[in-house]
Amino acid sequence: MLDIPLSALEVAMVQTGARAVDTLRDTAAFAQGVERLGYHRIWYAEHHHSPAIGAFPPVVLTAHAAASTSAIRLGSGGVLAPNHAPITLAEQFGTLAALHPDRIDLGIGRGPGTFDEAIARALRRGAGPTTDAEYEGDVAAILSFLVDEVALGPLPEPWLLASSTAGAALAAGLGLPIAVAHHIRPDNTQAGLERYRAAFTPSRWCERPRVLVCVETVCAETDEEAAWRIGPMDVIKAGLLKGLSEIPFPTPADAAAHSFTEQERQALAGFRAQQAIGTPETVMHRLTQLAGETGADELMLTTPVYDLGDRIRSYELIKKYSEATAAP
């Protein structure tokens, strides 16, 4: 039985044949659907210059979703610190927290949010990749500005996103809750959590280690249907293995017709085995297993499937199965 909160990560995939504005409109319907199902929080990821993912600022999506819902927690997962002035992030999320008390999260990450070096430099006003010291300084400055400069009332809940032991060490040193990107680098999950728990220092933000694990999750009535729905994301991942980053998000039919090499098939199967894809029983078994292996306090599900209805249905099947199998 899985007895920890379940949450959602919204990546805002832009389907082939659709417009980015259509995906943008879907985000409100998704937030309302996930809230109705009883999920704990929704986070929005920052991406730029991708034909498959909308370039929608997390702070804007958070504000829009907060106005469209009533109780679910909302925030960034994450906003990328090197792309923004620390005081700007503190002001934006501090304002949201004042407008929507006890509902706003500030998940902070490091990556550029793009594979295009020119776009990354444009985001950083010509600067190159951030150093470890610069990133650590940015995160510390955001936290400081939240307390010393913004402080309009209830503060947003800060989290540090991590996919490596270095990120885990920073979260531990700052005494922040950690959100582990198992859906991106699952092989780093256990080592990162060991580092985090061993080095954790209590702070005003967090008294003890607190762990959220994000996992790619696609649930359907049958394994075959789940495989059909995850097919477009398999095409995206296979492209990344070849160094191709600008790939549109294909339809499931186009994905089913895609030809994968044997090496790609093996890599995709290995990755999929560490996520949660299949029937409700299969998915819940895997989520329960992952929660036990990691000691997670919360699981966040990211469901990159083509159709909004199928995406919400995946979350619905998981909730229904969880409730049906819960202890009386």
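These values consider heavy atoms only, across backbone and side chains, with no hydrogens, waters or symmetry-generated copies.
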Notebook entry, point to check: Can you name the nearest heavy-atom pair linking Y196 to I178, along with the distance?
Noted result: CE2-CG2, 3.5 Å
Checklist line | Nearest-0.5 Å distance, CD of residue E157 to CG of residue L176 | finding: 10.5 Å
Notebook entry, point to check: Which atom names give the shortest non-hydrogen contact between S203 and G175, and what distance separates them?
Noted result: OG-O, 2.6 Å
Margin query: Is it the case that over 12 heavy atoms from other parts of the model lie below 6.0 angstrom from the CD atom of E221?
Written below: yes
Checklist line | Carboxylate-amine/guanidinium contact E225 R229, below 4.0 Å | finding: yes
Notebook entry, point to check: How long is the span from the CG atom in L80 to the NE2 atom in H47, to the nearest 0.5 Å?
Noted result: 8.0 Å
Margin query: According to salt bridge (Lys or Arg N to Asp or Glu O under 4.0 Å), who are the partners of D105, at least two apart in sequence or on a separate chain?
Written below: R41, R73
Notebook entry, point to check: Is H84 close to E46 at the side-chain level, that is, under 4.5 Å between some pair of heavy atoms?
Noted result: yes
Check: Is a side-chain N or O of E216 found less than 3.5 angstrom from the main chain of R272, in a donor-acceptor match?
Finding: no
Margin query: Ignoring hydrogens, what is the shortest heavy-atom contact between V283 and A276? Give both atom names and the distance.
Written below: CG2-O, 3.8 Å
Item checked: Non-hydrogen side-chain atoms of R311 and M13 separated by less than 4.5 Å -> no
Checklist line | L160 reachable from L89 in the ILVMFWY side-chain graph, under 4.5 Å edges | finding: yes
Notebook entry, point to check: Below 4.0 angstrom, N of the basic side chain to O of the carboxylate: do K319 and E316 qualify?
Noted result: no
Item checked: Same cluster (ILVMFWY, side-chain, under 4.5 Å), I184 and F271 -> no
Margin query: Is there a path of hydrophobic side-chain contacts, each under 4.5 Å between heavy atoms of I/L/V/M/F/W/Y residues, joining L212 to L290?
Written below: no
Next item on the list: Please report the closest heavy-atom contact between A273 and R286, naming both atoms and the distance.
Entry: O-NE, 3.7 Å
Notebook entry, point to check: What distance separates L241 CG from F260 CZ, expressed to the nearest 0.5 Å?
Noted result: 10.0 Å
Note to self: For a quick test of reading the model, state the closest non-hydrogen atom pair linking T302 to L9 and the distance between them.
What the structure shows: OG1-O, 3.7 Å
Checklist line | Chi angles and distances behind the ring-ring contact (aromatic ring centres under 6.0 Å, His included) call for Y44, F56 | finding: CA-CA 9 Å; Y44 299 97; F56 310 135; 9.7 Å; no
Note to self: Classify the ring geometry of F249 against Y306: parallel below 30°, tilted from 30° to 60°, perpendicular beyond 60°.
What the structure shows: parallel
Checklist line | Electrostatic pair R313-D307, nearest N-O below 4.0 angstrom | finding: no
Next item on the list: Answer with yes or no whether the hydrophobic clustering places V305 together with I53; edges join I, L, V, M, F, W, Y residues whose side-chain heavy atoms lie under 4.5 Å apart.
Entry: yes
Item checked: Exercise: identify the closest heavy-atom pair between A28 and S68 -> CB-OG, 3.9 Å
Margin query: Whether D132 and R110 form a salt bridge (side-chain N of Lys/Arg under 4.0 Å from carboxylate O of Asp/Glu) is what I want to check.
Written below: yes
Checklist line | Residue pair F93 / I142, side-chain heavy-atom distance below 4.5 Å | finding: no
Margin query: To the nearest 0.5 Å, what is the distance between CG on L96 and CD on E91?
Written below: 12.0 Å
Margin query: Less than 4.5 Å apart, side chain to side chain, heavy atoms only: is that true for V218 and Q275?
Written below: no
Notebook entry, point to check: So if you build clusters from Ile, Leu, Val, Met, Phe, Trp, Tyr with side-chain heavy-atom gaps below 4.5 Å, do M300 and L287 land together?
Noted result: no
Checklist line | CD1-OG distance between I247 and S50, expressed to the nearest 0.5 angstrom | finding: 9.5 Å
Check: Got a second to check how far T27's OG1 is from D22's CG, nearest 0.5 Å?
Finding: 11.5 Å
Next item on the list: Might you confirm whether atom NE2 of H285 has over 12 heavy atoms from other residues, nucleotides or ligands at distances under 6.0 Å?
Entry: no
Notebook entry, point to check: Are any non-hydrogen side-chain atoms of P304 and V11 less than 4.5 angstrom apart?
Noted result: no
Check: Should we count CD of Q190 as having more than 12 external heavy atoms under 6.0 Å?
Finding: yes
Check: Is any side-chain heavy atom of W205 less than 4.5 Å from a side-chain heavy atom of L155?
Finding: yes
